[in-house]
Amino acid sequence: MQRAHPLAWAALALGLAFLYGPILLLVVYSFNASRLVTVWAGFSTRWYAGLLDNGPLVDSALVTLKVAFASASLATVLGTLAALALDGRWRFPGRPLLTGLVYAPMVMPEVITGLSLLLLFVGLGIPRGFWTIVIAHATFTLCFVAVVVQARLRLLDRALLDAAADLGAAPVTVFRTVTLPLIAPAVIAGFLLAFTLSMDDLVIASFVSGPGATTLPMRLYSQVRLGVTPEINAISTLLIGAVSLAVLGASVLTARRGR
């Protein structure tokens, strides 16, 4: 086996440092005892305890988690159904058009998507709030779920599905007992991807949010314009830890399922 050139290792190290260095710096300074985020004054966890007294920030974090879970669940269901409809075995009129409509949010600028959804909600007379953000995020993320699940569907052994149908199983039974267990890792991955994208979104939520439905990215953006505070570093670190644990747990479950 040919060994990698030292320049390749150096390039890899620089790339990782560029990607994860700022995140590591944020985590380190979340334990800074000083209120000045650029001056290190010793190790302290005071800002994590102070989060409990920051009501608006905690409320925004709870709204973000609720929105992310609801929109990811809706996007997972719709994206999985879309992937099944776009599977190569099915031929129906308008399939290319449906494919384009499903994948359009993936390449559409978020500003255009947010503005379009805002005009839709205003035209329908729907008051903006929690559920409009959920619908908007599900619309934006279902295409990613569809891509992940469709990739898994292409690798399925069709003989298993045909065998279940030949044994008298109805299409719904085939999906529930054969197809769904086989594509479960992709469905879980799609849910986690949709959950992460929903938590990270700022642009679309800014268009479709309303009173009492301020997400954490919106809250952080409004506060950062006035200056970074230690509480922002602390809650960002908690979110990074939560997402990392979720991804690690999903990876462990997928590996066990594979074995």
Side-chain angles (χ1 to χ4, degrees), residues 54-83 85-86 94-150 187 189-229 231-232 235-236 239-240 242-243 246:
N54 195 329
L57 204 60
V58 174
D59 292 340
S60 298
L62 294 177
V63 169
T64 300
L65 292 175
K66 293 177 182 177
V67 168
F69 181 80
S71 63
S73 301
L74 181 59
T76 301
V77 174
L78 297 178
T80 302
L81 294 177
L86 298 177
R95 185 175 182 273
L97 177 61
L98 178 60
T99 302
L101 292 176
V102 170
Y103 294 153
M106 185 180 296
V107 296
M108 190 75 65
E110 292 187 8
V111 174
I112 303 300
T113 302
L115 181 59
S116 302
L117 291 169
L118 171 62
L119 296 176
L120 174 64
F121 294 142
V122 171
L124 295 177
I126 300 176
R128 285 174 290 164
F130 176 84
W131 290 110
T132 54
I133 303 178
V134 170
I135 295 173
H137 282 185
T139 303
F140 167 64
T141 57
L142 72 87
C143 57
F144 295 92
V145 178
V147 169
V148 175
V149 176
Q150 192 174 12
V187 173
F191 174 85
L192 292 175
L193 180 59
F195 187 90
T196 304
L197 291 172
S198 176
M199 289 186 61
D200 180 64
D201 177 69
L202 170 65
V203 178
I204 296 178
S206 299
F207 280 97
V208 300
S209 64
T214 301
T215 62
L216 185 60
M218 296 171 59
R219 178 74 63 183
L220 294 181
Y221 178 73
S222 63
Q223 291 188 5
V224 165
R225 289 186 299 177
L226 302 177
V228 179
T229 61
E231 290 88 350
I232 293 178
I235 197 168
S236 299
L239 288 176
I240 293 172
V243 173

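For the side chain to side chain donor-acceptor pair (under 3.5 Å) condition, the pairs that include at least one residue of residues 130-139, sequence neighbours left out, are His137-Ser198, His137-Asp201.
Expressed to the nearest 0.5 Å, how far SG of Cys143 lies from CD of Gln150 amounts to 12.0 Å. Leu202 CG to Ser209 OG: the interatomic distance, rounded to the nearest 0.5 Å, is 9.5 Å. Atom CD of Glu110 is separated from atom CG of Leu117 by 11.5 Å, given to the nearest 0.5 angstrom. To the nearest 0.5 angstrom, Leu86 atom CG is 11.0 Å from Leu81 atom CG. In this structure, the separation between OG on Ser60 and CG on Leu220 is 8.0 Å, given to the nearest 0.5 Å. Atom CG of residue Leu62 and atom OG1 of residue Thr215 lie 12.5 Å apart, to the nearest 0.5 angstrom.
With a 6.0 Å radius and a threshold of 12 heavy atoms from other residues, nucleotides or ligands, Phe69 has its CZ atom at or below the threshold.
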After noting the C-alpha distance and the side-chain angles of Leu216 and Leu239, does the key distance pass the side chain to side chain contact (heavy atoms under 4.5 Å, CB included) rule? CA-CA 10 Å; Leu216 185 60; Leu239 288 176; 3.0 Å; yes

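Of all the heavy atoms in Val145 and Ala194, the pair that sits closest is CG2-CB, 4.1 Å. Gly190 and Thr76 get closest at one heavy-atom pair: C-OG1, 4.5 Å. Minimum heavy-atom separation, Ala138 to Leu74: CB-CD2, 3.7 Å. In terms of heavy-atom proximity, Ser71 sits nearest to Ala68 at OG-O, 3.3 Å. The two residues Ala72 and Phe195 come nearest to each other via the heavy atoms CB-N, 3.7 Å. For the pair Val102 and Leu142, the tightest heavy-atom approach, listed with the atom from each and the gap, is CG1-CD1, 4.3 Å.
The side-chain contact (heavy atoms from CB on, under 4.5 Å) test with Phe140 singles out one residue from Ile135, Val203, Ile204, and that residue is Ile204. Exactly one of Thr80, Leu192, Val148 qualifies for a side-chain contact (heavy atoms from CB on, under 4.5 Å) with Val187. That residue is Thr80.
In this structure, Phe207 has no ring-ring contact (aromatic ring centres under 6.0 Å, His included) partners at least two apart in sequence or on a different chain. Evaluation of the side-chain hydrogen bond (donor to acceptor under 3.5 Å, both in side chains) rule for Arg128 yields no partner, not counting sequence neighbours.
At a threshold of 4.5 Å between non-hydrogen side-chain atoms, the residues Val63 and Thr214 do not count as touching.
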